[in-house]
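Note on naming: letters A, B, ... go to the chains in the order of the sequence lines (proteins, then strands), and numbering restarts at 1 for each one. Note that the structure is a prediction, hence the values are computed from the model and not measured.
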Amino acid sequence: MIADGVEDEEKWLAAGIAGLQQNAFYMHRALDSNNLRDALKYSAQMLSELRTSRLSPHKYYALYMRAFDELRKLEMFFKEETRRGCSIVDLYELVQHAGNILPRLYLLCTVGSVYIKSKEAPAKDVLKDLVEMCRGIQHPVRGLFLRSYLAQVSRDKLPDIGSEYEGDADTVVDAVEFVLQNFTEMNKLWVRMQHQGPAREKEKREKERSELRDLVGKNLHVLSQIEGIDLDMYKDTVLPRVLEQVVNCKDEIAQYYLMDCIIQVFPDEYHLQTLDVLLGAFPQLQPAVDIKTVLSRLMERLSNYAASSADVLPEFLQVEAFAKLNHAIGKVIEAQPDMPILGVITLYSSLLTFTLHVHPDRLDYADQVLGACVKKLSGKGKLEDNKATKQIVALLSAPLDKYNDIVTTLKLSNYPRVLEYLDTETNKVMATVIIQSIMKNKTRISTADRVEALFELIKGLIKDLDGDAHDEVDEDDFKEEQNSVARLIQLLHNDDPEEMFKIICTVRKHILGGGPKRLPFTVPPLVFSSLKLVRQLQGQEENPFGEEESTTPKKIFQLLNQTVETLSIIPAPELALQLYLQCAEAANDCDLEPVAYEFFTQAYILYEEEISDSRAQITAIHLIIGTLQRMHVFGVENRDTLTHKATGYSAKLLRKPDQCRAVYACSHLFWVDDQDNVKDGERVLLCLKRALRIANAAQQMSNAARGSTGSVTLFVEILNKYLYFFEKGNPQINVAAIQSLLELVTTEMQSESSTPDPAADAFFASTLRYIEFQKQKGGAVGEKYEPIKV
Amino acid sequence: MLVPGKIQHIICTGNLCIKEVQDYLKTLCPDLHITRGEYDEETRYPETKTLTIGQFKLGLCHGHQVIPWGDLDSLAMLQRQLDVDILVTGHTHQFTAYKHEGGVVINPGSATGAYSSITYDVNPSFVLMDIDGLRVVVYVYELIDGEVKVDKIDFKKTTATTHSAH
């Protein structure tokens, strides 16, 4: 059915165009032979095609444009005619003899254009006549196009200031009057369309109206271009008349479109100066008009205007723009208690942006806006509307972007309150936005109070907010979130140790509520921040007059102990062990023997009870040996206990080669270069010999299990260790020992049952090269190495 | 310099900690070599790695496995074991470059200036190696008090790398 309709329209349009073209052809012939009568006759016939009621606006426009083109040529002819002596007044009268009113009026406007140009009469008289004559067409579509034609041909002939048509009798006032009248009539026609036709076709009608709206809006555009309109005239005449029409027409579509038009076409300074009047119109509009969008756009324009230059800012203050807008918004919201929350937030979001641009220093204004938001949100519980939540994120991000500084944003007391109304997911999004802002701007957050406020804001990331059924969180997303929290923790700093300690305690308090999934991310950065503080205090002189309460490394270590403890429960034993060892070394540097011992104890307990994976054990044992080797704070007994345990663990690793390597690593526990009391040559040798035994056992096992003795690598490694201690001057390691090892390796390598291993061969070769090289060095070293035969 | 396309290989001693850092390094250069540090979440990085670039054999290891930590003689042993001309290790967060008859032992330090129990006052640093024939020039970039300081060390091999023929 509809398809038929469209097809029909196509047919009619084609017919209309054909008719138009045919008459145009004859009209041209008449023009060519200067036959005025015929020209008028055929042009009238041509214009009759525009009398149709059958076309939609879209199609009517196609027809109209063709007529428009033809009328241009006619106009030129009329001009020629007047030059040839034909009186324009007569012409003006002549065209009124056309039979039908629509063609008559088109012709009249065309002649009118020439009439004005001729200046034989004041522009204002002709214009007034035309605009009133057009009243003869009350059909909306036809009337709108006719008046649009009038507007177009009169455009450059308005008696504006500085125009050639300005005179004593003709002023800009007349120009304004003409445009306003045309506008008013056009709007009336446009509104009338709404009520034509059956109710079931309302949607179609509204669509057609939408297609025509620019014809009406054009008049406002023309007004904005009239140079003679200054602020006073705008205030006294133009705006009131336009608003009067807008309000009185009581039509939603027109009101929405025209209010927006006014805001878009007239200069921002005018809006500022007429803010009262403009805002006063809003409550008078139909309830269904989307005021919030129009208001938002107004605020947006004003924000941009404010941002364009600092010079305009005083104007804003002078007209008290903020107060007026705030009030207006309040009134709108009050008048529409059913406004969806998205609308409310959009309005406040625009107002906030406005405030940030115009009054960047007035935190209280920004806070006020947020407070109004909170008030509107309260009692609604958590938001579920996606769009509304997005708007809130935009609302909350605006101060961050503007101030570039979370510290300033933290001063807005209502800021965290708005966050309360966000669901968990959005809370996390906001928290991430906040952290990113901090990192991008490298904001210094340097007091415990600010840290406290900050962590309250980002609590969506710090812990599970209660009341939420735990949704599936994507693992990668979770990691990313927690890593960004970790990065944030690294950034919190104050050079004053007391304040820094307070910061550490504050952070700790918050992250401990994070649960087992979060602690592995958040505890390490906190631990390292604390260790950095320890080091800073280490450097400072012990203050004998310091207060009881002041921060000391000891206090920090106590805190660290309790903090790392939380990891071992998760379980994250490897991480906890590593952190305990870091703390032990720091305690060592502070000469706190019992503290260091306690950390080692905790590490060892973890090793014995929680770390059972072989690979993890190997890493852990190397860290234990490496750390212990560097300890200088332990007395003999403590050191012995810890060393004994370490060697014990080493010998109990699962695979023999791992045992061997760990045991010979332990040899270093008995020989520390810069500690003279730790140079026990015998025990070094004992370790190395034990390693040798393990290596041998490994060979035998390999032979038994696989039929070949496996690689000689371990022997070469142990040989290298012998050489190490030999060079260091361990009296227990002599040339004979080295010599016999060399022979052992050589024998093993040549043995039939050994597995060829190019890497081991290369290792041995480079070891031999090393020995050669040491011999070549000469001096004490050369002497030492001389007796070794390779 | 740290833009994609300028660097041909990246050698990393470990403790990148999280995958994001690995991804970032990959954007600078797809040929990325990493060994495992004790804080790396990726447990599949190897403990040691060797690779050949031009005439040079390079060895890579985080270094917490070599005891005593930072001890050049022990590191030289690892170098002999891996049979490489250039050994790159880390863990101490302190830049060192040590030439000896067997080759060069380089520690590029910490790229981020991270805390270390071993080194006080860690300055962020990294190393660029320019390998050309039998010569390698090592440039070290250190960030000291807000300024970037560059130093360089030359090393020349005496013989070309040969396949060990056994």
Discussion item. Using heavy-atom distances under 4.5 Å, tell me whether A:Y770 contacts chain B through its side chain, its backbone, both, or neither.
Written reply: both
Response to the item:
Applying a strict 4.5 Å limit to non-hydrogen atoms, the region of B:L82 in contact with chain A is neither
Fill in: Most contacts with chain B, counted as non-hydrogen pairs under 4.5 angstrom, among A:I625, A:D589, A:T767
A:D589
Worksheet entry | B:S74, part contacting chain A, at a heavy-atom distance under 4.5 Å | both
Worksheet item: Does A:D613 CG have over 12 foreign heavy atoms under 6.0 Å away?
Response: yes
Worksheet item: Looking at CG of B:L78 and CD of A:E717, how far apart are the two atoms once the value is rounded to the nearest 0.5 Å?
Response: 9.5 Å
Worksheet entry | Contact winner vs chain B - A:R535, A:K728, A:H668, A:E727, heavy-atom pairs under 4.5 Å | A:R535
Item to complete: Compare every heavy atom of A:F763 with every heavy atom of B:M77, then report the nearest pair and how far apart it is.
Response: O-CE1, 3.8 Å
Practice prompt. Select, from A:K479, A:R661, A:Q578, the one with the greatest count of heavy-atom pairs under 4.5 Å involving chain B.
Written response: A:Q578
Worksheet item: So what's closer than 4.5 Å to chain B heavy atoms on A:Q490: side chain, backbone, both or neither?
Response: neither
Worksheet item: Can you tell me how far CD of B:E38 sits from CG of A:L575, rounded to the nearest 0.5 angstrom?
Response: 10.0 Å
Worksheet item: Can you tell me how far CD of A:Q582 sits from OH of B:Y115, rounded to the nearest 0.5 angstrom?
Response: 6.0 Å
Fill in: Inter-residue atom distance A:T713.OG1 - B:Q81.CD, 0.5 Å rounding
6.5 Å
Discussion item. Would you call the rings of A:F528 and B:Y39 parallel, tilted or perpendicular, taking 30° and 60° as the class edges?
Written reply: perpendicular
Practice prompt. Under 4.5 Å, counting heavy-atom pairs only, tell me which of A:N588, A:I618, A:T627 racks up the most with chain B.
Written response: A:T627
Discussion item. Working note: B:H100 + A:F773, criterion side chain to side chain contact (heavy atoms under 4.5 Å, CB included); need CA distance, chi angles, decisive distance, verdict.
Written reply: CA-CA 10 Å; B:H100 59 100; A:F773 188 77; over 6 Å; no
Discussion item. I need the A:D673 CG to B:D71 CG distance, nearest 0.5 Å.
Written reply: 7.0 Å
Item to complete: Measure distances from A:F764 to the heavy atoms of chain B and classify the residue's part below 4.5 Å as side chain, backbone, both or neither.
Response: neither
Fill in: Inter-residue atom distance A:R630.CZ - B:I67.CD1, 0.5 Å rounding
11.5 Å
Worksheet item: Would A:T619 and B:H64 count as a side chain to side chain contact (heavy atoms under 4.5 Å, CB included) if you check the C-alpha gap in whole Å, the side-chain angles of each, and the deciding distance to 0.1 Å?
Response: CA-CA 8 Å; A:T619 305; B:H64 67 268; 3.7 Å; yes
Worksheet item: Are any of the side-chain heavy atoms of B:V66 and A:H622 separated by less than 4.5 Å?
Response: no
Item to complete: Pull out the residues in residues 40-48 of chain B that come under 4.5 Å of chain A, heavy atom to heavy atom, sorted by number.
Response: B:E41, B:T43, B:Y45, B:E47
Worksheet item: Hey, which residues of residues 15-22 of chain B are touching chain A, say heavy atoms under 4.5 Å apart?
Response: B:I18, B:E20
Item to complete: Quick one: which of A:E480, A:K721, A:E574, A:R769 has the most heavy-atom pairs under 4.5 Å with chain B, could you say?
Response: A:K721
